[in-house]
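Report on the structure given below.
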Amino acid sequence: MCEIFDEGEYFKIKEPTWIWDKIGGFPEVKERLEEMVSMPIKFSDAFKKAGVNTHTSILIWGPPKTSMNSMVEAAANSADATYISAPAVELMKKPHEITHLYKTARENTPCIIFIDEIDRLAPRREVETEITDGEIKREQVPSSTTRILFSELDKVADKKDVITVGGTCHPEIVDPALLRNGRLERKIYIPVPDFDDRLDILKLSLEKVPLKEDVSVEKLADMTEYYVASDLVSLPREATLLAIKEKGGDFDVVEMRHFKDAMKRVPPSLTPEIVKKYEEIYREECKHRYMY
């Protein structure tokens, strides 16, 4: 008996709500996404008039928890486009949802599709069995699923109003066929947050938090090396919780000591070894023509 499921239950179509001003840090990444995702839709007539060929598929990659989804959604918002978020791990369960995903995108143009962990749908076959997330070996994807993805990407290769952005933390194991001309041939790297990125993210996260005079946002940015965007958003929340827990109804401000205690609860997601790995991948990728 065939299993019955509702088409579209494995992806989400929505009106984008994220905007650039609400996402801290990474000015170069935002600029690239604006140029490569938003502008070709907003100014499609200008691109056509200028004879400039735009690319309809992009790979965005970097360490985990670097706000890929939020930034792609902000690019869709900037373009006034429909936004569809599709986790690859869900699409693997029902491969034919990939076909329905692209059918839905073509019916709701202009549309930007974000496929998170796209490497799961199109990994290098020779390394697929070696990939693990933590201690759990990842499920292998049938080659037929990969072919469905490639087929749908090829169908929209000449459509300028459907743009696919694939996100991955493992660019080194993506199938080269996914990155060929007409597919995800352009790449955008979201780096490890540097001091300025961390400072900007923390400032946004602390906008409504009452702080004691001893709290220096610059000092916090300096103390949070190896923290990613989600860590930096969680840290002020945890520090505020500790201050409220301590002071109860007498809560007035969050002090620096609360942030120091919060850092014990919210450790950095990255390590020097992980950072080194991504820097090495980036240097290798920069040798290629289409690297940004």
Side-chain angles (χ1 to χ4, degrees), residues 1-14 37 55-66 68-69 72-73 76 82-109 111-159 161-188 281 285 290:
M1 180 180 295
C2 294
E3 182 181 357
I4 299 174
F5 70 101
D6 294 328
E7 288 187 334
E9 67 175 312
Y10 289 92
F11 60 84
K12 296 180 180 179
I13 179 170
K14 61 177 291 189
V37 177
H55 302 274
T56 56
S57 299
I58 296 159
L59 183 74
I60 188 167
W61 67 278
K65 304 179 184 179
T66 44
M68 292 182 192
N69 200 327
V72 178
E73 183 175 332
T82 302
Y83 179 68
I84 300 179
S85 175
V89 68
E90 297 294 333
L91 296 177
M92 288 171 64
K93 299 175 182 177
K94 298 290 182 182
H96 290 290
E97 277 283 83
I98 300 172
T99 301
H100 184 62
L101 165 67
Y102 278 89
K103 179 177 180 289
T104 302
R106 290 191 293 269
E107 292 172 347
N108 291 274
T109 57
C111 183
I112 294 171
I113 300 168
F114 177 65
I115 302 179
D116 193 20
E117 294 188 285
I118 198 168
D119 54 279
R120 288 180 176 268
L121 295 176
R124 292 177 183 265
R125 292 294 157 180
E126 67 272 20
V127 300
E128 184 179 11
T129 57
E130 300 173 5
I131 303 168
T132 58
D133 288 330
E135 299 298 324
I136 303 173
K137 183 167 288 189
R138 284 171 44 167
E139 179 184 354
Q140 293 183 357
V141 63
S143 57
S144 58
T145 301
T146 303
R147 287 196 296 270
I148 292 172
L149 174 64
F150 288 172
S151 175
E152 294 302 326
L153 285 170
D154 293 342
K155 288 178 185 177
V156 297
D158 59 350
K159 287 183 67 65
D161 53 2
V162 176
I163 295 178
T164 302
V165 182
T168 181
C169 300
H170 298 288
E172 74 280 10
I173 57 91
V174 171
D175 188 337
L178 181 64
L179 308 177
R180 77 177 198 188
N181 289 351
R183 293 177 184 167
L184 276 64
E185 60 184 286
R186 296 282 173 149
K187 302 176 187 177
I188 299 176
I281 294 172
E285 290 290 322
Y290 295 120

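Only this structure's heavy atoms are used, side chains among them; waters, hydrogens and symmetry mates stay out.
Remark: Ser57 pairs with Leu153, Thr164, Leu184 by the side chain to side chain contact (heavy atoms under 4.5 Å, CB included) rule, at least two apart or across chains. With sequence neighbours excluded, no residue forms a side chain to side chain contact (heavy atoms under 4.5 Å, CB included) with Ala157. Partners of Ser143 by side chain to side chain contact (heavy atoms under 4.5 Å, CB included), not counting sequence neighbours, listed by chain and number: Arg125, Arg147.
Using modelled atom types, one finds no donor on one side chain facing an acceptor on the other under 3.5 Å when comparing Asn108 with Thr82. Side chains of Tyr83 and Asn69: a donor-acceptor N/O pair is present below 3.5 angstrom, by distance only.
Once rounded to the nearest 0.5 Å, the distance linking NE2 of His170 with CG of Asp119 reads 6.0 Å. The distance from atom CD of Glu172 to atom CD1 of Ile281, rounded to the nearest 0.5 Å, is 4.0 Å. For the atom pair Ser144 OG and His96 NE2, the distance stands at 7.5 Å (nearest 0.5 Å).
Between the Arg186 side chain and the Leu179 main chain, no donor and acceptor come within less than 3.5 Å of each other. Judged by distance alone, with hydrogens and angles left aside, the side-chain atoms of Thr104 form a donor-acceptor pair with the main-chain N or O of His100 at under 3.5 Å. Formation of a donor-acceptor pair under 3.5 Å by the Thr168 side chain with backbone atoms of Ile118 is not found in this model. Under a 3.5 Å cut-off, the side chain of Thr109 and the backbone N or O of Cys111 do not form any donor-acceptor pair.
Closest non-hydrogen pair, Ala76 versus Ile112, comes out as CA-CD1, 3.4 Å. Closest approach of Ala88 and Glu117 over heavy atoms only: CB-O, 3.1 Å. Nearest heavy atoms, Ala86 versus Phe11: CB-CB, 3.7 Å.
The shortest side-chain heavy-atom distance between Phe150 and Arg183 falls under the 4.5 Å cut-off. Taking 4.5 Å as the limit, every side-chain heavy atom of Trp61 sits out of range of all side-chain heavy atoms of Ile188. Here the side chains of Leu121 and Met92 are in contact, with some heavy-atom distance below 4.5 Å. Taking the side chain as every heavy atom from C-beta outward, Val162 and Ile113 approach each other to under 4.5 Å.
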TODO: Output, in order, the C-alpha distance, side-chain angles, deciding distance and verdict of side chain to side chain contact (heavy atoms under 4.5 Å, CB included) for Val156 and Tyr102.
DONE: CA-CA 8 Å; Val156 297; Tyr102 278 89; 4.0 Å; yes
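Salt bridge status for Glu73 with Lys14: present, with a side-chain N to carboxylate O gap under 4.0 Å. Salt bridge status for Lys12 with Glu90: absent, with no side-chain N to carboxylate O gap under 4.0 Å. A salt bridge links Asp154 to Arg180: one of the charged nitrogens lies within less than 4.0 Å of a carboxylate oxygen.
Tested against Leu149 for a side-chain contact (heavy atoms from CB on, under 4.5 Å), the candidates Thr99, Leu178, Leu101 yield a single pass: Leu178.
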